[in-house]
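Read through the structure below, which is laid out as structure tokens, and then see the notes.
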Amino acid sequence: MLHSSSLPAATGVPAPGTVDLTVVVPAYNEEHRLPRTLDAICRYLRSSPGRHAGWELIVVDDGSTDATAAAVREAAAAEPRIRLVGSPPDPGLPASHARNHGKGHAVRLGVLASRGGRVLVTDADLATPIEEVALLHDQLDAGYAAAIGSRAQGGARVEVSQHPLRKLLGRVGNQVIRAVAVPGVRDTQCGFKLFDGDQARAVFGRSRVDGWGIDVEILRMFHEAKWPVAEVPVRWAHQAGSKVRALDYAGVLLELVRLRVRSALRRMRPADRVVVLGYLLVSLWLFKGLWADVDRSYLADSGQDQNQWEWFFAVTAHHVFGLHDPFFTTLQNHPLGVNLMANTAMLGLSVPLAPVTALFGPAVTWALVLTGGLAATAAAWYWLLLKRFVRSRRAAAFGGALCAFAPPMISHANAHPNFAVLFMMPLIIDRLLRLCGARGHHGGSRDGTGHHSGGTPGRRTVRDGVVLGLLLTYQIFLGEEALLLAAVGLLLFAMGYAAARRAVARVLWRPLARGLAVAAGVSSLLLAYPLGRQFFGAQSYTGVLHGSTGNSPRALVEFAGRSLAGNPATADALALNRTEQNAFFGWPLIALTAVVVVWLWREPRVRGLATAAFGALMLSLGRTIPVPRTDVTLPGPWRLLYDLPLFESVIESRMAMVAVPVLGILLALACDRWDAQARPADSTGRIAAEDRALRAVGWAAVAAALLPIVPTPLATVDRPAVPSFVADGTWRASVPEGRTLVPVPLPDPGRTEALHWQTTAGLGFPLPGGYFNGPYGPDRTGIYGPVPRSTSALLREVSRTGQIPDIGPAQRRAAVKDLRFWRAGAIVLAAQPGDQALRLTVQRLMGAPGRWIGGVWVWQVHGGGSAGSNAA
């Protein structure tokens with residue numbers, strides 16, 4: 001088999017461009033279809049000498065394990081213009097060990113080995129007849145750089161349709177590709193494309209995709225180079241034995257994401273890289289205690305949440321690699337289980353990071369999500385600010401930093417990555433602005449919405465709506481409550497902006513509404529099953545009632561406990577806990593924001609931002625607003641929302657987080673204005689004295705506002721060691737397969753160390769109880785943790801009081817019933833405060849003392865719920 005790199009050196013091989021047409025056919029295990037395809041192509045090319053005076057046919061064998069190569073050699077013996085190209089297997093290995101690299105790799109080899117002035121790429125099944133190439137030639141004759149066959153253009157003839165599911169996936173995939181990568185092309189995946197030879201070889205030489213996404217990558221490169229591409233309706237018939245599988249559509253989308261990421265990285269300026277690197281370094285500094293010893297470090301202010309999140313990451317990896325249901329598990333709260341979609345499993349990150357979790361453990365994933373998530377959030381806001389709001393990179397850098405590292409964000413970074421990792425929000429906002437016709441700040445807009453920036457509202461409503469739907473869908477899998485709060489903030493902004501510019505609002509609302517309708521349709525289609533499981537599946541619930549959890553008005557102007565100027569005792573008295581310090585902006589920042597709003601009030605976007613911030617802060621005060629230093633309370637606006645669907649589960653003090661990006665944007669606008677006014681205004685290049693003074697005062701004010709709220713590194717402590725009974729696998733001798741390990745007391749939202757045991761044991765045993773949200777009672781009201789049972793409540797009370805209760809027949813019968821319900825294999829008591837009372841209580845319930853094994857007391861349980869005979 002020939003290798004493409006050796007072909008140009010072969011004897012008598014013409015130079016590139018001396019052949020009129022090269023036909024490239026990628027092939028993988030095509031021994032049966034390929035002979036007919038080669039015969040059809042050769043007969044057509046021989047029959048049209050006027051158009052194809054000189055031609056060649058290259059077949060790329062992409063690691064076939066059948067007789068594909070032999071079929072090509074046989075055809076080449078009769079027609080010397082047929083060439084075989086491919087990567088041979090390793091020397092000494094049989095053909096069955098050849099590696100299949102993918103369509104992209106094969107097509108790239110063929111195009112780079114081509115010599116034609118024009119290059120046709122066609123599939124081995126010849127689903128589009130070779131005669132259709134004449135239509136593509138006509139377009140290149142007219143000046144196009146490429147002509148691609150299309151099944152979606154008017155005039156296309158689909159003679160044999162695909163399976164309906166494959167057809168639906170193809171349509172959805174093409175809509176996404178059009179929206180994200182190749183605007184204007186309705187069918188990127190039809191395997192019949194004609195290129196200018198030199199341009200094709202230049203583009204394929206730079207391509208990197210090896211899979212089905214090669215078509216998207218190449219067309220994207222033609223689009224970026226401004227080389228015109230014609231889409232031509234052709235005849236097409238589905239061929240049995242297609243190598244395209246349903247999951248390959250998802251693979252194309254993943255390759256598309258990688259393409260966009262690489263493209264964005266190429267466009268980054270050195271200054272942008274410095275800013276992003278700075279954000280990452282700040283994030284690493286904040287979590288340095290966690291990274292110092294990932295396996296042993298525990299965020300001191302996280303309460304029980306770190307154990308819970310590590311468990312979520314571990315169980316997701318377990319499900320991914322075990323091909324289990326991703327939305328439900330019985331590893332916790334056995335046997336009832338946990339509805340993972342109805343909990344903060346953050347599948348949008350826990351699924352793609354499953355390999356990291358499997359290789360390095362959930363503690364590494366936890367640290368990676370927090371560290372990378374904060375930095376990514378800052379970078380995303382920096383990108384949006386620079387694209388839509390400001391010209392100064394310094395202004396955007398400070399604004400992005402405030403958006404990601406403000407006190408409420410740092411508070412949640414201790415325990416709630418679903419509220420700290422918000423890099424999707426700027427992307428969602430950007431797409432909403434595009435629906436309003438925005439093309440970016442540098443297009444000339446001083447408006448902030450992008451209106452009058454040269455964009456046309458509604459020009460690409462479907463495309464932008466589809467992309468928005470995909471972004472919203474992904475955000476749902478990162479955090480639904482954060483998206484709900486963002487929606488409220490955006491609605492408040494829209495109200496403020498519309499009040500300032502009614503005429504513009506009347507123009508914008510129609511394309512915005514159409515785009516939102518498209519987005520809703522896309523996300524509804526993609527989320528129908530997951531949300532159905534969340535709201536109506538096993539262990540679903542109607543809403544979590546939190547009671548009154550509004551902010552104190554003082555919290556808005558005080559400093560957070562972990563801020564540079566903060567007092568932990570003061571902040572603790574004003575917040576629900578240290579992970580819910582949802583305000584604490586500090587009075588200097590509030591004062592500076594007020595000055596900026598007054599200064600820039602003439603700008604409609606500033607009025608909208610001010611409306612969003614003020615409205616969100618007022619909502620965050622809750623249903624009743626206490627007047628500081630008095631016993632007076634006032635009715636709060638949250639009473640209008642608190643009992644609405646979805647809102648009944650929201651902790652209202654979190655509404656203050658909506659103000660975080662608003663303050664970041666306002667700060668960036670002010671800094672950008674100071675920098676703009678301080679630029680040289682005359683031919684001498686000198687800055688006026690008053691402008692220098694304004695810039696100095698402005699930056700001094702920014703320093704005074706931000707320095708007090710600079711976060712300090714998040715505190716960590718050493719986590720308790722896992723007993724050797726669990727860590728060494730000794731538990732396997734006491735817990736039969738399918739039975740549970742029952743910790744004493746049972747895990748609940750206040751005690752989650754057993755979840756750490758479980759992840760350390762590789763999720764080898766299920767647990768009753770746990771830390772999750774689940775239903776309670778006939779109304780399925782959401783509660784934290786399991787529904788209490790007699791024995792779990794008794795053990796919890798013993799742990800709380802240290803008192804041994806009276807144990808009689810009723811308590812023993814209840815214990816037997818509960819152990820049967822939990823399908824208990826063994827009861828385990830680790831060393832802890834009050835463990836003597838717990839040990840004696842369990843001993844009386846079980847009627848036998850436990851055994852000391854591997855640092856814990858163990859009672860093995862038989863099917864009847866009684867202690868095992870091996871108990872001493």
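Counting begins at 1 with the first residue of the sequence. None of the values given here were measured: they were computed from a predicted structure.
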query: Y771 and side chain to side chain donor-acceptor pair (under 3.5 Å): which partner among T752, N307, D305, N343?
result: D305
query: Knowing that exactly one of W822, W757, W731 qualifies, which makes a ring-ring contact (aromatic ring centres under 6.0 Å, His included) with F765?
result: W731
- prompt: Is a side-chain donor-acceptor pair under 3.5 Å present for E480 with Q534?
  reply: yes
query: What pairs meet the ring-ring contact (aromatic ring centres under 6.0 Å, His included) rule with one or both residues in residues 286-306, with sequence neighbours excluded?
result: none
Side-chain H-bond candidate by donor/acceptor type, R562 with S411, under 3.5 Å: no
query: Do L347 and H319 come within less than 4.5 Å of each other through their side chains, counting heavy atoms only?
result: no
query: Is there a side-chain contact between R578 and P568 (heavy atoms, below 4.5 Å)?
result: yes
message: Is a donor from one side chain sitting under 3.5 angstrom from an acceptor on the other, for T579 and N577?
response: yes
- prompt: Any side-chain heavy-atom pair from W311 and T329 closer than 4.5 angstrom?
  reply: yes
query: With side chains defined as the heavy atoms from C-beta onward, is the minimum distance between Y784 and N773 less than 4.5 Å?
result: yes
query: CD of E753 to CD of Q758: how many Å apart, nearest 0.5 Å?
result: 12.0 Å
message: Working to the nearest 0.5 angstrom, can you tell me the gap between T330 OG1 and R823 CZ?
response: 8.0 Å
field: Residue pair H412 / N418, side-chain donor-acceptor N/O under 3.5 Å
entry: no
- prompt: Is there a side-chain contact between L714 and D301 (heavy atoms, below 4.5 Å)?
  reply: no
- prompt: Are the side chains of R654 and H416 in touch, meaning some heavy atoms are under 4.5 Å apart?
  reply: yes
